[in-house]
Number of protein chains: 4
Amino acid sequence: MTRSGEGRILSRLAESQASAEDKRRQILDAAVRVFARKGFHASRVGDIAEEAGVAHGLLYHYFESKDQLLEAVFHENWSVLLERIGSVEETDEPAADQLRHIAAILLRTWLHLPDVVRVVVREFGRSPELAERIGELARPIELIERVIARGVARGEFEQDIDPRVAATVVYGGIDELLTGWVLDRLPADEEAVVAAERTFFAVSLRGLLAKSG
Amino acid sequence: MTRSGEGRILSRLAESQASAEDKRRQILDAAVRVFARKGFHASRVGDIAEEAGVAHGLLYHYFESKDQLLEAVFHENWSVLLERIGSVEETDEPAADQLRHIAAILLRTWLHLPDVVRVVVREFGRSPELAERIGELARPIELIERVIARGVARGEFEQDIDPRVAATVVYGGIDELLTGWVLDRLPADEEAVVAAERTFFAVSLRGLLAKSG
Amino acid sequence: MTRSGEGRILSRLAESQASAEDKRRQILDAAVRVFARKGFHASRVGDIAEEAGVAHGLLYHYFESKDQLLEAVFHENWSVLLERIGSVEETDEPAADQLRHIAAILLRTWLHLPDVVRVVVREFGRSPELAERIGELARPIELIERVIARGVARGEFEQDIDPRVAATVVYGGIDELLTGWVLDRLPADEEAVVAAERTFFAVSLRGLLAKSG
Amino acid sequence: MTRSGEGRILSRLAESQASAEDKRRQILDAAVRVFARKGFHASRVGDIAEEAGVAHGLLYHYFESKDQLLEAVFHENWSVLLERIGSVEETDEPAADQLRHIAAILLRTWLHLPDVVRVVVREFGRSPELAERIGELARPIELIERVIARGVARGEFEQDIDPRVAATVVYGGIDELLTGWVLDRLPADEEAVVAAERTFFAVSLRGLLAKSG
DNA sequence: TATGAATGAGTGTTCATTCAT
DNA sequence: GATGAATGAACACTCATTCAT
């Protein structure tokens, strides 16, 4: 996956020879940047078309609507990430380590795909309609829930923990860190991200561990 | 503070004697309900007026614009809550207990003012522009940061914790629980709320405590 | 006739004892000032009420509508002037002197009732609907026409002059001078007004005189 | 330049082949007709769109706002006329003849572009804000002033004449004639226009000439 | 009389979407 | 495919006018 910012220049250079698939990607990347900059509601299709360097009518050859374009942004960016997270589940590490890995993947995404994170955090985080269209599996929270449930079952975690609630709290911590970076409320450089990761583990994961563990 | 839904029926009954201040409140309460139901962007001023049982023009006697109405929803509902949270800071309890109280107040607000929580979580949580207009002190996160910083200084919490990052993680857990209730992803009755509170403490606050503590 | 500006202060002082007739005048004077300042279309009834120091609802006790208020401004200010002009017709001066007097009255009105002139020039000058409601006799142009016709009949003026067209030209000169003062395109102090009067006579009236005269 | 009324039927016939520039002109011509008929304030954008035979949204492709459309009416119609008038200044005729030519051009415009004259006379003549946006050079009065000043300097005109005031008077006569035609207060057919021209010269220009001239 | 809260028709403008070329 | 002109539903906001007190 290319960093969205880079794709733009390349697309421009190769514009004339761009294959259909490239044109589609070009629009999708432009959408991510524009949504990230102005938010979905404030972004006009004309803005996206201009950013992509195409006529705004063309957008409707590749996407059914502005809404569907936002869905595509999710499916073709965030879902890649979700798959990566999902693979963690198949390891036989302790649940705590699995959570650590999941958190690390999510948090470091900020460094690789900041615009995608921006859009996902701002638009998906709070919209029930969108989340429903995308599907429940879309959010990492269910995955985290399964990992925690397994940790409890295996006796690695406290027994009296409700996995769904605990997963919500854990994911909330991650989400809020991403939000802090997105909204420029926290230092967002690589070093700060790594440090935040450690603090997150200390605060949010240690409490899960069984005292005897 | 009455649950916003109740005020409506009373207002209707007492409509004829309603003072100007009541009419303002009537519109404000209607706005909270409509924003909660449909989101700010999807809510039309006509919807709010209809919900309040007044002509839409009247809305502009009491509020400058639809935007300003949303700000008023915040100032005249959420800020009451923030003050209540703020008073916790003045006690001389251990920092961990202060955090517990803050979390309890925020989480239980859901039971008293669900619509207000809905609006605040959906509209303020992620809008940088709005947050700026309202002011930085608007969010509880800064308060939590101060409490944690004090806990670290007093040796009650781990020394290597960055208060700002930790506060973000802690607040994120609370925020995500509220979101879960708002979006009906978690059981939201009173019992479930109390249980979630306990889980939140177990997961998110225990990790802060110094091991020697 | 009092200068409109003066009435205002007196009205304010005597507000409590003001008779009904005074209140009406108070609103009328306020309307003249506001219309003069912002133009009829841009003036809101609330502006006029505020300027008059009364609630805007009261306006509808004395006047049927905003339109009718404008008509009243005309009838109760401008028509006084028209009567004064009309009396010139009854003298047995030469037609040229009658025109001189008419022009002088119109032009010097600017010094006495600038706001009234402002409103009349801006609103009546160009609105066919309004002029119709007010009545054809409203404009001084018909009077001027009669004077010129008499001058032609008596051999004082050139024989080949069409009185209606000539009156239009003469009145246009006066109107444009007033407009120049209203819009601040010409010096508008007393001295300048007197000088303009002389220039007006020189340019616009001398041509009328029969060469043999 | 074609009479605006004619363009409409042609546009309708040729609608399918109309280039983008034609469509713009189609809307502009419709605006002139509607403004002329109802006045700017009473004209709704929907009226203009309907008159032009397009959806009202299209208006905003070609013009920024209703206000800007009025400005365009001026720039793309009246300014053509102003240029024509301006060229008179460059001839070496006596000043009196230059004035004659200027007046003739202005007055005969009524025969060619009656709707444009209607709009200009009604909307521009009296609105200081609009006149300012359009620019001071917009009004022919400055041009007339320069011609008179030159006439005075050359000894062709009376020495004691103030060119600015005299120009105001002269232009006022022209403007009022146009107004008379616009508001149907004077006969407006070609013959009447030519006759009015002669009367105008007789009344308004003869007085300027030096007695010794 | 006097007030100003309440009404609601009216209007300019935006913008996602369509479609002829 | 690609364009961007064209469409029209939607919507916030204004303000003259009414009316309960």
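All chains are named by letter (A, B, ...) in the order of the sequence lines, taking the proteins before the strands, and each is independently numbered beginning at 1. Below, all heavy atoms of this structure are taken into account, side chains as well, without hydrogens, waters or symmetry copies.
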## Note on the structure
Ranking F:dA12, E:dT13, E:dA6 by distance to the side chain of B:Val45, first place goes to F:dA12
### Message
Starting the side chain at C-beta, find the nucleotide from E:dA6, E:dA2, E:dT11 nearest to D:Arg44.
### Response
E:dT11
### Query
D:Ile48 has an atom CD1; how far is it from atom C1' of E:dT11, in whole Å?
12 Å
### Message
In whole Å, I'd like the distance from the CZ atom of D:Arg25 to the P atom of F:dA5.
### Response
19 Å
### Query
With nearest nucleotides of DNA chain F determined for D:Leu58 and C:Tyr60 from heavy-atom distances, which residue corresponds to the more 5′ nucleotide?
D:Leu58
### Side chain of B:Tyr62 (C-beta onward), nearest among F:dA2, F:dT7, E:dA5
E:dA5
### Query
Expressed in angstrom and rounded to an integer, what is the separation of A:Gln68 atom CD from E:dA16 atom C1'?
14 Å
### Query
Taking the side chain of B:Ser65 as heavy atoms from C-beta outward, which of F:dT17, F:dC13, E:dT17 is closest to it?
F:dC13
### Pair pattern of DNA chain E in dot-bracket, where unpaired bases get dots and | marks partners in another strand, Watson-Crick or G-U under 3.5 angstrom
.||||||||||||||||||||
### Query
Within the side chain of D:Lys23, is there an N or O that forms a donor-acceptor pair under 3.5 Å with the backbone of D:Val54?
no
### Message
Can you measure A:His41 atom NE2 to E:dT14 atom P for me and round it to whole angstrom units?
### Response
18 Å
## Note on the structure
Quick note, C:His61 side chain, CB onward, closest among E:dA2, E:dT7, E:dT13 is E:dA2
### Query
Which whole-number value in Å describes the distance from D:Leu59 CG to F:dA9 C1'?
17 Å
### Query
To the nearest Å, how far apart are B:Leu69 CG and F:dC13 C1'?
14 Å
### Summary
Taken to the nearest whole Å, CD/D:Glu50 to C1'/F:dT7 is 15 Å
### A:Leu28 and A:Tyr62: CA distance, side-chain angles, deciding distance, side-chain contact (heavy atoms from CB on, under 4.5 Å) verdict
CA-CA 9 Å; A:Leu28 203 63; A:Tyr62 295 106; over 6 Å; no
## Note on the structure
Rounded to whole Å, the CZ-P distance (B:Phe63 to E:dA5) equals 13 Å
### Message
Between the base of F:dA2 and the side chain of A:His56, is there a donor and acceptor pair under 3.5 angstrom?
### Response
no
